[in-house]
Amino acid sequence: MEKRTFYITTPIYYPSDKLHIGHSYTTVAADAISRYKRLKGYDVMFLTGTDEHGQKIQRKAEARGITPKQYVDEIVSGIKELWKTMKISNDRFIRTTDDYHEAAVQKIFKKLYDNGDIYKSEYEGWYCTPCESFWTKTQLVDGKCPDCGREVELTKEESYFFRLSKYQDRLIKHIEENPDFIQPVSRRNEMLNNFLRPGLEDLCVSRTTFNWGVPVTFDEKHVVYVWIDALSNYITALGFMSENNSDYRKYWPADVHLVGKEIVRFHTIIWPAMLMALGEPLPKQVFGHGWLLLEGGKMSKSKGNVVDPVVLIDKYGVDAVRYFLLREVPFGSDGVFSNEALIQRINSDLANDLGNLVSRTVAMIDKYFGGVLPRQRTEGEFDSELKAMFAELPQKVEELMDKYQFSAALSEIWKAISRTNKYIDETMPWALAKSEENKPRLAAVIYNLAESLRIVSILIQPFMTETPDKIRHQLGISGSEALDWESAKRWGSYPEGVSVNKGEVIFPRIDIKKEMEELEKLNPAARTEQVPDSNAEAHGNKAAKENKDVSGSGNRAPQESKAASSDPTSKAELITIDDFAKLDLRVAKVLEAEKIEGSDKLLKLKLEMGGETRQVVSGIAKHYSPDSLVGKSVILVANLKPVKLKGIESQGMILAASNDDSLVIATLDSEIGTGAKVK
RNA sequence: CGCGGGGUGGAGCAGUCCGGUAGCUCGUCGGGCUCAUAACCCGAAGGUCGCAAGUCCAAAUCUUGCCCCCGCAACCA
């Protein structure tokens with residue numbers, strides 16, 4: 001009989017910057033599912049990769065004076081390194097710059113064109129020449145370029161379009177008839193109500209304004225824009241449209257695409273429509289998980305927020321980090337990452353509960369029996385309850401894993417660990433050890449402990465990669481003995497006559513206070529930020545706003561490994577003194593300040609500057625009350641071109657320092673009189 | 001009336017779909033034990049489940065209205 005297959009994917013990540021803990025979150029989750037399915041006997045195909053084309057990368061490469069390919073090569077090797085460090089067991093890694101992928105994309109594009117699903121038209125938009133960017137009307141800010149604030153002009157760009165609208169009804173039908181297609185359900189409703197039912201517009205699928213992409217074969221000035229290039233990776237990786245498509249026939253349709261919640265839309269609307277147009281089956285499920293947020297609020301300053309996965313792995317080990325990611329947040333909801341929470345998890349779950357249980361069990365076998373349990377054992381009170389719990393455990397874990405409820409699955413396993421710790425108190429082995437006649441009973445008690453741990457070591461295999469072996473080694477279970485998933489269902493498989501190896505503590509306790517101080521040192525610029533979810537940069541999000549990179553280079557300790565250690569964007573461009581001289585900075589005094597109706601961020605200020613009054617609109621309402629500003633001396637950018645904000649003219653801008661938490665306006669050390677030049 | 005998420009003991013969450021003893025983890029306090037990583041086990045304190053009205057024998061859970069917080073979007077010059 002042929003093995004059942006299981007095909008799972010992560011998004012392909014956009015290598016414009018290095019990855020952060022959020023990307024690791026998605027990938028570790030996919031890895032846990034993959035490992036679980038393999039243990040269950042599936043023939044698994046686990047795919048991850050990178051989405052390497054697009055304007056943003058082209059620009060970044062230009063800025064560094066290297067080719068886009070050189071640029072992405074560097075970052076991609078860092079990403080591969082990271083996955084290796086995190087023990088990600090992907091079977092394949094696709095890069096959209098791989099030649100087989102590019103060839104397949106060209107064929108797909110051509111096929112869709114030949115079928116009439118792609119047609120040539122014009123893309124109307126506002127063009128910002130310095131930025132070389134198109135913007136839609138809604139993206140414009142005050143009718144100007146949202147990036148640089150300069151004037152834009154209405155332009156038409158020749159472009160190819162995909163007939164997305166044609167598939168609208170079929171998509172709705174599919175989603176309604178397949179309740180599992182979009183998970184969790186809340187996302188399903190969102191898609192139907194917000195996008196599908198209001199109606200779809202055709203999608204622009206080519207660009208002429210940049211050339212770092214897959215060329216359209218029959219119209220060389222166009223490159224394929226993100227959608228067809230990126231989304232199709234899920235099938236091109238399997239050889240779709242290539243000479244050898246046996247993997248495609250074997251694994252497609254995918255069992256699950258794991259994605260962050262912000263790109264659910266692309267995967268449940270655009271991607272299925274593309275597949276419909278190609279006449280190929282749709283993926284069975286798209287699972288949109290939540291975001292891993294960083295701790296908010298003022299607390300963070302005293303805590304430090306190192307969120308580079310490599311730092312954490314170096315300090316606490318890969319299993320601790322993997323455990324935390326999968327345990328802390330219920331998959332599907334948003335969760336919070338903090339160093340404190342991580343350390344607490346490590347201490348209480350890993351060190352105190354599991355690590356200590358291994359430690360005391362092995363120590364007792366060593367101390368009471370010289371390292372080898374005797375065969376003669378007597379069952380007794382409390383045994384049946386423990387056994388009953390472990391008898392149910394594998395089944396429970398399976399049910400939860402089938403729903404991708406990692407957190408709950410781990411929670412069940414830890415309940416059993418806890419129960420085992422309690423069993424020691426109930427049976428009091430140290431009391432039994434006092435008399436020779438109780439030895440058979442003592443042996444049974446400790447055997448049950450070892451057996452519990454054996455089962456635990458099997459069940460945690462999807463989540464942790466080193467710990468299972470460490471536990472088995474200490475218990476004296478060698479090689480693949482009693483290691484397979486099914487054996488977790490057979491109580492009594494702990495081998496006879498093996499001798500234990502008292503070894504190192506598996507998870508040392510961490511001194512939380514000391515550790516927080518150390519992390520703080522590692523990360524002097526610690527501040528609260530929001531981690532974009534794991535895929536902030538995947539699939540088409542290139543087009544989205546700026547990326548807020550959590551683990552920006554400033555957070556990285558100097559001795560860190562090179563997982564994408566180069567961050568070409570971090571250094572501000574150098575300017576000359578002449579550039580600086582263009583700014584006319586002046587001291588000004590706040591005469592009046594008031595809130596602007598209908599805005600929660602803006603204040604209207606009246607300033608006095610060397611006899612002249614200026615009206616300035618400033619986005620500081622969340623940090624300053626109007627009253628507190630009156631009378632303050634501030635620094636004004638006096639020669640800024642006036643603009644209207646909320647219909648109110650702003651004639652300049654006042655300087656303020658800010659990070660994500662707070663904002664402080666720049667004032668002066670002592671009085672000097674308004675109008676004084678600042679330089 | 002822009003979209004979405006949320007308000008449950010000190011902290012973080014579950015429970016809300018399918019009304020019926022308010023549960024878990026951490027922390028605090030007290031006790032037990034000594035095999036173990038100052039760990040483990042037991043117990044206790046602590047919540048009018050954001051507010052109000054309604055339905056019902058019964059509401060954290062259903063209905064309606066309101067308040068507050070957090071993302072996103074929009075104004076952040």
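Chain letters run A, B, ... following the sequence lines, proteins first and then strands; every chain starts at 1. Owing to the predicted nature of the structure, the values given are computational and were not obtained by experimental measurement.
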So [X], base contact, sugar-phosphate only, or nothing? Heavy-atom distance under 4.0 Å.
{"X": "D353(A)", "value": "sugar-phosphate"}
{"X": "N356(A)", "value": "base"}
{"X": "A351(A)", "value": "base"}
{"X": "Y368(A)", "value": "sugar-phosphate"}

Lys/Arg-Asp/Glu bridge criterion (N-O < 4.0 Å) met for D469(A), R472(A):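 Looking at R472(A) together with D469(A), the answer is yes, because their closest N to O distance falls below 4.0 Å.
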Which nucleotide in the list [options] gets nearest to the side chain of [X]?
{"X": "N421(A)", "options": "rU34(B), rC26(B), rC41(B)", "result": "rC41(B)"}
{"X": "S418(A)", "options": "rC41(B), rA36(B), rA39(B)", "result": "rC41(B)"}
{"X": "W430(A)", "options": "rU37(B), rU34(B), rA77(B)", "result": "rU34(B)"}
{"X": "F507(A)", "options": "rA36(B), rC33(B), rU37(B)", "result": "rU37(B)"}

Pairwise [atom1] distance, [M] and [N] [rounded to whole Å]:
{"N": "rU28(B)", "M": "rG9(B)", "atom1": "C1'", "result": "12 Å"}
{"N": "rG65(B)", "M": "rC29(B)", "atom1": "C1'", "result": "43 Å"}
{"N": "rC24(B)", "M": "rU64(B)", "atom1": "C1'", "result": "33 Å"}
{"N": "rC70(B)", "M": "rC13(B)", "atom1": "P", "result": "14 Å"}
{"N": "rU25(B)", "M": "rC33(B)", "atom1": "P", "result": "24 Å"}
{"N": "rG23(B)", "M": "rA45(B)", "atom1": "P", "result": "12 Å"}
{"N": "rA53(B)", "M": "rG20(B)", "atom1": "P", "result": "22 Å"}
{"N": "rA44(B)", "M": "rA60(B)", "atom1": "C1'", "result": "25 Å"}

Separation of rC35(B) C1' from Y423(A) OH (nearest whole Å):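 Nearest whole value for this atom pair: 14 Å.
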Could you identify the nucleotide paired to [N], looking across every strand shown and requiring Watson-Crick or G-U wobble geometry with both distances under 3.5 Å?
{"N": "rC49(B)", "result": "none"}
{"N": "rC72(B)", "result": "rG2(B)"}
{"N": "rC40(B)", "result": "rG32(B)"}
{"N": "rC56(B)", "result": "none"}

Determine, stepwise, if the pair T268(A) / L171(A) fulfils side-chain contact (heavy atoms from CB on, under 4.5 Å). CA-CA 8 Å; T268(A) 57; L171(A) 284 166; over 6 Å; no
How about K470(A): does its NZ atom have over 12 heavy atoms from other parts shown lying under 6.0 Å from it?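 Buried by this count: over 12 neighbours within 6.0 Å.
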Is the count of non-hydrogen atoms from other residues, nucleotides or ligands lying under 6.0 Å from K387(A) atom NZ greater than 12?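 Enclosed.
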On the nucleotide rU25(B), are OP1 or OP2 found under 4.0 Å from the side-chain N or O atoms that R345(A) carries?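 No, because none of the side-chain N or O atoms of R345(A) sits under 4.0 Å from OP1 or OP2 of rU25(B).
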Look at K422(A) and rC42(B) and indicate whether a side-chain polar atom (N or O) is within less than 4.0 Å of OP1 or OP2.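 For K422(A), the contact criterion (side-chain N or O under 4.0 Å from OP1 or OP2 of rC42(B)) is met.
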For F369(A), does the six-membered ring have the charged nitrogen or CZ of K439(A) within the cation-pi criterion, i.e. under 6.0 angstrom from the centroid and within 45° of the normal?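 Yes, K439(A) sits over the ring of F369(A).
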Does N352(A) make a side-chain donor-acceptor contact with the base of rA39(B), cut-off 3.5 Å?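 Absent.
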Report the residue (D349(A) or V505(A)) whose heavy-atom-nearest nucleotide on RNA chain B is the more 5′ of the two.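 Per heavy-atom nearest nucleotide, the more 5' residue is D349(A).
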Which residue lies more 5' along RNA chain B, comparing E328(A) with K502(A) via nearest heavy atoms: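 Nearest nucleotide further toward 5': that of E328(A).
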Side-chain donor-acceptor distances from residues 359-367 of chain A under 3.5 Å, at least two apart:
{"from": "R360(A)", "atom 1": "NH1", "to": "N421(A)", "atom 2": "OD1", "distance (Å)": "2.8"}
{"from": "T361(A)", "atom 1": "OG1", "to": "L357(A)", "atom 2": "O", "distance (Å)": "2.7"}

